[in-house]
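Notes for the one structure printed next.
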Amino acid sequence: MHISSSRSIQKGLVYVIILIAILVTIVPVLEAVRLSLLEHKEVFSLPPKIPLNPNLENYVLLFSRYKAVYFFKNSIIIASIVTVISLLAGSIASYSLSRYYSGKTAGSVFFTAVGYLLFIPPVVTLLAYFEIMSSLKLIDSIFALIIPYCGFNVPLAVWFLKGFFDQFPRDIEDSALVDGCSRVGVFFRIVLPLVMPGIIAVGILIFIMSWNEFLLASFLTRSYNSQTVPILIASFRSIAYGVEYEKIAAAIVLSIMPALAFSFFIRKYLVRGLTAGAVRG
Amino acid sequence: MRSYSPFLFLIPAIILIILTGLYPLVHSLYLSLVNIKLGLPYKLRFVGLHNYMKAIMDERFLSDLLLTYKYAAICVLLQLVFGLVISLTITSRIVSEKMRNITLSILIAPLLFPYVAVGQLFRLILSTDFGLVNYILNVLGMQAPDWFGNASTAFLSIVLIDVWQNTSFFVLLLTAAILSIPTDYYEAAAIDGAGPIQTFKFITLPYIYPAIFFAVIFRFLGSLKAWDYVAVTTYGGPGTATELISWYTTFLAFYKYELSYSTAVAWIFNLTMLVLTLLLIRIVWRR
Amino acid sequence: MSGQNKKKAYSSMLSKKLSRRQAISTTAKIGVAAVAGVVVGSIGGWLAGSQLVKPATVTMTQTIERTVTETVTKREEITKTITAPATTVSTAPAKEDPYMTDPEGWFKDLKGVTIRIAEEAGRMADAIEYIKPDFEKMTGAKIEVGHFPADTFQHEMRVEATQRTGAWDAFETWDIGFFAGGGHVIPLDDYIKDDPYLNFDDIKDTIQYFEWKGHYYMLPYNPEVFMVYYRRDILEEHGITRPPRTWDEWLDMIKEVHNPDKKIYGIAFTASRFWHVVDSNFWSFLWSNGGRVINEDWEPAFNDEKGLEALEFMIELAKYGPPGIYTYEYMDVNTAFCQGLVVFANQWTPLAFHAEDPKMSKVVGKGGATLFPVGPHGDKPHSPAGGWGHAIFVTCDKPEKVYKFLSWITSPTNQKRMIAYNGVLPNRASVLKDPEIAKYAVKPFKHEWAPNGSYFECLSNAFKLGYRVVLPEISAIVQEGAAILSEALQGKISAKEALNTWEQKVKEILKEAGYSKATHGPYPYY
């Protein structure tokens, strides 16, 4: 009796917590969905208007007038390229650090120095990047953003993945080496596939951070060639049209769809990946 | 077995870092040691540590620094607590795997939205005259605060936005970590008669500690550098109540045109971040 | 973890190699789905959009009566009065406008030239996109318009100017002090003189705000002035039939109409840290009270009894605002007025059109405007004027060609088209006098500044009485003031203390910039 009532209390508590968490997370998103179906002057109406006749005008406008396709395309391309490059460079660097330089001072100095780059607020580097990019005539191309983002994210990849590699047992590698496999081969054919979940995990983080970045993107881009989604959203604050919350909301909703789909599929690998690196044996 | 590949493996990362990270750092260091103004006439002079001295003696900078650290600490603490509670809850045996997956997918959604969009959305939701929250509070007969207008609630508001968006990060990491613990450990503990608190303290916590550590450090740095939320909601708040350092540096650079001073401010902030984070690591990383 | 378990775990991970292929195939599936979705979405959007966003051809019945005076240096003065019979004219370019027919062949040398112009995304960029096809067709030039989000547009222009990138030929701005004072833009005097189709009197009132050290650096595009807007219908309900002339009258009216229970508040303005609290609001109250921001000796002059009265009046007024007034930034004032929340609003000119746009406003047809009421020490209403204008960067290699486009944008035909399209303001006196455009803006009471009840009369008078304070460092002064005044408005510090602190900071800024009467002459602005 005692056990079952405490179990039902536990059960109740668990469900209440989950409910609250979901509500708190979902209410702003639902609000975004509601706003995206309204007209500008209805956005501010109180009591809040529920769009009983959904009006998809905002979404249509996003694609037709604001050419949202270009912004999403640029964001996806930039984030993907940055993720791939950062993961590649970061993974082999942290593998090397973990296998050869772990005891040595050169290794730890490099590791700390690399980590230090995590501390820089992008604001500090803004002007330098602008100067570099304009002298290289790269402003308003996607490379103008890819290069700085790699600079910010390679340290992240190195730091995060080093934990994974530190745990990976060397016996498997050693046996492969003894069998005549080269170091490079060992890395790419044996180690990498098994650490893949962790790499996916940090890759998602890098992707998200590149997707979200606003400050550098607003200065290093000028047109549809390279402007990203945060700039699209910022352009809905204008002096004359006011803050077009309904269009911002529509852009938010559009950001959800691919991301949710992505997370549904990748979740399995995510879970496995995050554990292996973060947990010490 | 002497091969050059270990060093070769480091090279791409080194090149990327030097090209993309090092030059801007050096350039900004140079900027902080001269007296350059953005766009206004000036005579280039090497002023050495003058900007740094000026910053250290500037009351506003010091109070902003304190404010930023307060903000980051509160945000991370709240995110940790909420994240832990939520992940422990959804990984408990009471919750089925299907429900757990659905909940997890919903709960990590906030991470996917651009910061500026979330800032704008909350600006409307928390708007004193036109927002959902105050409307509901009024209907319930409660006092509806002036969220972004009152200095203390403005601070709370940006904390709220940060917590809403970034708790998902903790939930993600901690859930994954908890799920990796082999179930035999739990079974063994149950056989030995351990209660939930003991199970947590001796089994769960040690296992997920590295995950907690990484998440805390990462989000602490992230919140310290927060810029977008302030820039789209309060512009530094009533007075300077929400003037975070990152935003303050853009204020100095683009409104007061004091480019050199703003880079010096950023560098001092940088150094404090480095020192404090290393301290934090030393204290916390006992295992 | 024991070695045994480790081996087990890792061999099980090894066996999951299959799942890696699964992952790749899933990713591929997602990728294909995403691409397909985007393609479908964009086709659908394009199809739907091409229906929605076709600019409507509006037919207007107009009686055109225009007096065109051309003053050209080496020719006789020709005065023509053209009266055309009432015709149904579409907003396609009119045939009589010399800008459209180019009788002098002034635009001939623009064939094949690319002009790049940077605009703020939204209304102003959209208007240029709307009219540029006609220019391209007429001259064979190519116009590239850059759309920049409002928040970072000015910052970007400053960085571009400083770095001398040369990426843009022309851009729009309001900060003549920074760009002209910093030497980033070229003076346009000669081009204006040589402009065969421009009557200088037409833009005399609005271009006076774009003058620095005796030269004109910008051509007006969307001129603005700070005014007081009000709800005619609510004032009439309370028996008021003319707008306030003095601060006392204003406060009385506000108290009369302020009704929080019915959710109708007295006044809205930016009482937050947003910089309009200083540049616009405080400046208006100060100048209408006879005060000055900077005196002839290049020293701050706002910390006297006139400035104190101005600030204290602002603090008093804010108490009659909606509860959120301390968070209001520029757009919120518009929202408050257009949602019917407030009776008075201190705002720049776009509100006049915002309030009449059925898509944005719930108070269509109910708004009015007036110049600033005068304070106890003032005699005439003076408020900040200026607004947006186009300037040409020093890096531009073809400034005279770019100038031709800038001048064309402000032709009377284009101004009429733009205001019909999305409310970009005309700046030519001749267009402002045209009764046809009055319907796009709010309709004030008939009062001294608008004897015929036309908003544009009010606007013309406002331009004549406007003041400005031009200085490269004005942004720094305004931003520092905004942080300080926002605390004073909420009563955290006293008004006197606020002005003292602010004066101190302004003194530092001016001293560091090295201004003095001896080196720069007396300060010519307010």
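The chains referred to below are lettered A, B, ... by the order of the sequence lines, with proteins before strands, and numbering in each begins at 1.
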- line: Value for OG1 (C:T152) from CG (A:L215), rounded to nearest 0.5 Å, stands at 8.5 Å

message: Salt bridge or not between A:E57 and C:K359? Use side-chain N to carboxylate O under 4.0 Å.
response: yes

- line: Taking every heavy atom of A:V243 against every heavy atom of C:M331, the minimum-distance pair comes out as N-CG, 3.6 Å

Heavy-atom pair with the smallest gap, counting every atom of A:T221 and C:E156: O-OE1, 4.1 Å

Which portion of [X] sits near chain C, non-hydrogen atoms under 4.5 angstrom:
X      : value
A:S134 : side chain
A:E131 : both
A:E42  : neither

Using heavy-atom distances under 4.5 Å, tell me whether [X] contacts chain A through its side chain, its backbone, both, or neither.
X      : value
C:W348 : neither
C:E144 : neither
C:Q339 : side chain
C:T165 : side chain

- request: Verify side chain to side chain contact (heavy atoms under 4.5 Å, CB included) between C:L341 and A:F44, making sure each step is shown before the conclusion.
  value: CA-CA 11 Å; C:L341 202 61; A:F44 304 102; over 6 Å; no

query: Once the angle between the rings of C:H354 and A:H40 is folded into 0 to 90°, is it parallel (under 30°), tilted (30 to 60°) or perpendicular (over 60°)?
result: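 Aromatic pair C:H354/A:H40 classed tilted.
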
task: With salt bridge (charged side-chain N to carboxylate O under 4.0 Å, His left out) as the test, would you mind laying out the steps for A:R222 and C:E160 before giving the verdict?
output: CA-CA 11 Å; A:R222 290 201 184 111; C:E160 300 259 1; 2.8 Å; yes

query: Got a sec, which residues hit ring-ring contact (aromatic ring centres under 6.0 Å, His included) with C:F153, two or more places apart in sequence or on another chain?
result: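 Here the qualifying residues are C:F148.
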
- request: Measure the shortest side-chain to side-chain distance between C:E329 and A:R237 over non-hydrogen atoms and say whether it is less than 4.5 angstrom.
  value: yes

Largest heavy-atom contact set with chain C, pairs under 4.5 Å, which of A:S223, A:S235, A:A234, A:S218: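 So the answer, after comparing A:S223, A:S235, A:A234, A:S218, is A:S218.
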
